[in-house]
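So the structure is just underneath, and the comments pick up after that.
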There are 2 protein chains.
Amino acid sequence: MNHGGNMVGIEDVAAAAGVSTATVSRAIRGLPRVSPRTRAKILATAKELGYVPSSAASRLASGKTHTIGVLAPYVDRWFFGKAIAGVDRELHGRGYNLSLFNLGGRTQPRERLFSKAMVQKQIDALLLLCMYLHQEEIEDLHAIDMPLVVVGGPVPGLSNVGIDDYQAARTITEHLIELGHRHIALLHGQDDSDLNFSVPRIRVEGFHDAVHQAGLEFDPDTALFGNFTVESGVEAMRRFLELPAPRPTAIVCASDEMALGVMFEARRHGIRIPEELSVVGIDGHEMAAAVGLTTVWQDPTAQARRGTQMLLAELGGDEGAVHPENAEQRLIVRESTAPPRH
Amino acid sequence: MNHGGNMVGIEDVAAAAGVSTATVSRAIRGLPRVSPRTRAKILATAKELGYVPSSAASRLASGKTHTIGVLAPYVDRWFFGKAIAGVDRELHGRGYNLSLFNLGGRTQPRERLFSKAMVQKQIDALLLLCMYLHQEEIEDLHAIDMPLVVVGGPVPGLSNVGIDDYQAARTITEHLIELGHRHIALLHGQDDSDLNFSVPRIRVEGFHDAVHQAGLEFDPDTALFGNFTVESGVEAMRRFLELPAPRPTAIVCASDEMALGVMFEARRHGIRIPEELSVVGIDGHEMAAAVGLTTVWQDPTAQARRGTQMLLAELGGDEGAVHPENAEQRLIVRESTAPPRH
DNA sequence: CTGAAAGCGCTAACAT
DNA sequence: ATGTTAGCGCTTTCAG
């Protein structure tokens with residue numbers, strides 16, 4: 001253990017092992033063209049000396065940062081937390097670092113983070129978590145010259161891994177229809193600025209199509225809005241309760257978090273679920289299971305891992321590794337849905 | 001916009017502006033000793049040429065990475081997600097990067113991440129999110145030669161910013177006692193390996209002291225265990241229901257997430273809260289508000305921001321900036337608590 | 001399979 | 001206030 005001062009460098013190892021720095025470099029990075037014996041010796045002395053390569057020097061010389069950037073609009077929300085965990089799990093152990101860029105929900109007044117150069121010099125590849133994007137940001141993204149994948153909602157022109165949101169919304173809505181519901185309310189998920197954030201819109205489309213194809217009508221007055229949070233679900237339920245009778249017998253929420261808010265507030269008002277109101281969500285939040293919410297399950301962690309694998313493969317020279325891919329989703333019927341009473 | 005190939009370097013800017021690279025460097029970094037005129041000119045040409053400094057070169061030459069490392073046991077749990085968001089918010093705009101090291105809950109078989117050199121070469125400072133630590137890891141931490149702060153539970157010998165967990169547990173327990181409860185159950189928060197993870201233990205102590213000082217006795221049979229997740233709260237409630245009568249009239253949970261699980265499962269079994277059972281938690285989870293859970297609120301985001309500020313100040317030359325600091329906490333009484341019936 | 005040497009693109013004295 | 005000049009510690013041809 002040598003303290004503070006002069007960290008041991010590659011030259012020290014080279015000298016101690018009686019070889020050149022070039023050989024040490026190859027040996028340590030597991031490159032070929034090093035005899036087993038020399039490699040063993042080098043590795044041994046390196047460990048003995050407590051040598052750790054300077055990533056800064058390595059970056060400069062090689063041009064590789066061994067860092068993956070993750071751009072997320074939030075980190076403290078279900079989908080994003082799960083996804084970030086997935087990226088990390090995939091990176092960990094492969095010697096890659098995870099650099100987190102959290103846009104903190106700020107929408108308008110955010111600098112052009114993607115500006116080619118700014119990001120390009122810090123990371124080898126970018127994983128974008130689904131979010132709203134301004135037109136110019138999308139353009140910047142297209143201009144970025146490095147492996148790039150988006151996890152979650154689709155972004156025009158970019159490869160993404162995620163569920164089929166349209167189908168998810170249809171599935172969950174049809175479940176309600178099959179149970180006999182004819183009057184269904186919708187809690188839109190609408191983010192701060194959804195100019196190009198397609199997930200909310202796509203889910204809504206799935207809902208509408210399911211309703212219309214069943215020959216039902218959607219009463220625009222029963223369209224509620226929320227921003228994907230539990231709180232907004234609570235508020236939406238308050239507004240729902242003010243709707244004139246006959247009220248819808250079911251409500252489809254664009255996310256589990258909002259659905260949970262709806263359920264909580266319903267209970268608070270003594271409305272029994274599912275007897276008086278059926279509630280469904282989309283996502284597969286752990287709490288959804290705990291409260292018995294019927295939903296379409298998805299696994300953001302797995303999606304993020306998949307996206308990361310693609311990025312890594314592409315970096316490893318496997319061209320075309322990054323490509324659009326649909327993720328697993330599954331209807332899970334629990335106790336928040338039942339036939340309407342009438 | 002020049003594509004791919006040769007990124008413009010500091011020399012290009014220097015040449016174009018008719019100055020030396022040293023001056024360009026100073027100008028761009030906002031250092032003194034540059035006349036306003038030259039600086040303006042340099043900034044202009046830099047922007048015009050689309051120049052962005054190579055962070056790799058800068059790191060190598062200066063020894064500073066402008067990156068803060070965040071070590072977290074989880075990223076997809078309430079406290080951690082909130083905290084990471086806080087760090088990022090503080091870093092963003094100050095030109096610092098956030099490098100996330102997620103231990104993914106793996107406890108035993110994890111390499112010595114803190115190994116001085118390994119981490120030291122990649123970051124300027126470290127923010128540790130409260131978690132269990134093995135003895136040797138604590139030692140490694142002490143050996144690390146850079147600003148270091150822990151957010152959340154205290155770690156022996158290290159500065160931390162967080163709430164007084166002992167007091168939080170006492171407060172919430174005394175609330176129950178004041179309401180008249182004499183028979184109180186406890187849902188311990190116990191992580192995978194809590195050898196040195198003091199938060200659970202400290203909260204339990206607060207609970208016990210409150211109970212004993214009120215002249216009450218704690219029935220060891222009513223000690224339940226969970227791992228801070230909602231699911232574990234659900235399971236704990238199932239075990240609670242198997243307790244022989246007379247059952248406790250209240251239960252204090254070491255975290256809101258567990259308390260939520262308890263509430264959900266209680267409802268499922270038709271147990272009315274608070275009439276038949278009072279439930280309390282600790283944390284201030286958003287959902288706690290939605291379901292009316294009485295709790296001791298805290299703000300992990302603010303704590304993390306504070307910790308980050310200390311780190312940044314210390315890096316800025318402000319020695320002693322990093323120091324232990326208690327964070328705000330507050331009892332929030334909602335609808336999950338009431339006097340016992342009897 | 002191994003070594004020599006030229007950078008990678010900045011920063012930091014030290015001069016001027 | 002500005003320029004000169006060594007490096008920072010690796011990686012990478014190119015030889016041998």
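All values reported here derive from a predicted model rather than from experimental measurement. These values consider heavy atoms only, across backbone and side chains, with no hydrogens, waters or symmetry-generated copies. Residue numbers begin at 1 in each chain, while the letters A, B, ... track the order of the sequences.
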Item to check | Between C1' of dT11(C) and CD1 of Ile10(B), the distance in whole Å | outcome: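 Spelled out: CD1 on Ile10(B) to C1' on dT11(C) is 8 Å.
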Checklist entry - In whole Å, what is the span from the CG atom of Asp12(B) to the C1' atom of dC10(C)? => result 13 Å
For nucleotides 4-6 of chain C, give me every protein contact, N/O to N/O, under 3.5 Å, one pair per line with atom names.
none

Checklist entry - Sub-3.5 Å donor-acceptor pair from the side chain of Asp88(B) to the main-chain atoms of Asn102(A), do we have one? => result yes
Heavy atoms, side chains only, cut-off 4.5 Å: are [X] and [Y] in contact?
{"X": "Val322(A)", "Y": "Leu311(A)", "answer": "yes"}
{"X": "Ile10(A)", "Y": "Asp12(A)", "answer": "no"}
{"X": "Leu127(B)", "Y": "Val151(B)", "answer": "yes"}

Checklist entry - Under the side-chain hydrogen bond (donor to acceptor under 3.5 Å, both in side chains) rule, what pairs show up with a residue in residues 55-64 of chain A, not counting sequence neighbours? => result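 Counting only pairs at least two positions apart or across chains, the side-chain hydrogen bond (donor to acceptor under 3.5 Å, both in side chains) contacts touching residues 55-64 of chain A are Ser55(A)-Gln122(B), Arg59(A)-Thr67(A).
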Would you please name every residue forming a side chain to side chain contact (heavy atoms under 4.5 Å, CB included) with [X], sequence neighbours left out?
{"X": "Ala15(A)", "value": "none"}
{"X": "Ala327(A)", "value": "Ile163(A), Gln303(A)"}
{"X": "Asp318(A)", "value": "Ala313(A), Ala321(A)"}

Next on the checklist: Go nucleotide by nucleotide along DNA chain C from the 5' end; which of Pro53(B) and Pro32(A) gets its closest nucleotide reached first?
Outcome noted: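 It is Pro32(A) whose nearest nucleotide is closer to the 5' end.
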Review item, side-chain donor-acceptor pairs of residues 28-36 of chain B, under 3.5 Å, at least two apart:
unit_1: Arg29(B); atom_1: NE; unit_2: Ser25(B); atom_2: O; d: 3.4
unit_1: Arg29(B); atom_1: NE; unit_2: Ser25(B); atom_2: OG; d: 3.3
unit_1: Arg29(B); atom_1: NH2; unit_2: Ser25(B); atom_2: OG; d: 3.1
unit_1: Ser35(B); atom_1: OG; unit_2: Thr38(B); atom_2: N; d: 3.2
unit_1: Ser35(B); atom_1: OG; unit_2: Thr38(B); atom_2: OG1; d: 2.2

Item to check | Qualifying salt bridge (charged side-chain N to carboxylate O under 4.0 Å, His left out) pairs with a residue from residues 47-57 of chain A, counting only residues at least two apart or across chains | outcome: none
Next on the checklist: Give me each pair satisfying salt bridge (charged side-chain N to carboxylate O under 4.0 Å, His left out) with a member in residues 300-310 of chain B, each pair once, sequence neighbours excluded.
Outcome noted: Glu90(B)-Arg305(B), Arg306(B)-Glu325(B)
Checklist entry - Can you say whether the rings of Phe80(A) and Tyr74(A) are parallel (under 30°), tilted (30 to 60°) or perpendicular (over 60°)? => result tilted
Next on the checklist: Please give me every residue in residues 58-65 of chain B whose heavy atoms get under 4.0 Å of an atom in DNA chain D, ordered by residue number.
Outcome noted: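 Here the set is Leu60(B), Ala61(B).
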Checklist outcome for this item: The salt bridge (charged side-chain N to carboxylate O under 4.0 Å, His left out) partners of Glu319(B) (sequence neighbours excluded) come to none
Checklist entry - Taking DNA chain C as the partner, which of residues 36-45 of chain B come within under 4.0 angstrom of it by heavy atom? => result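 Per residue number, the list is empty: none.
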Checklist entry - First and last nucleotide of DNA chain D in contact with chain B, 5' to 3', at under 4.0 Å to a heavy atom: what are they? => result dA1(D) to dG9(D)
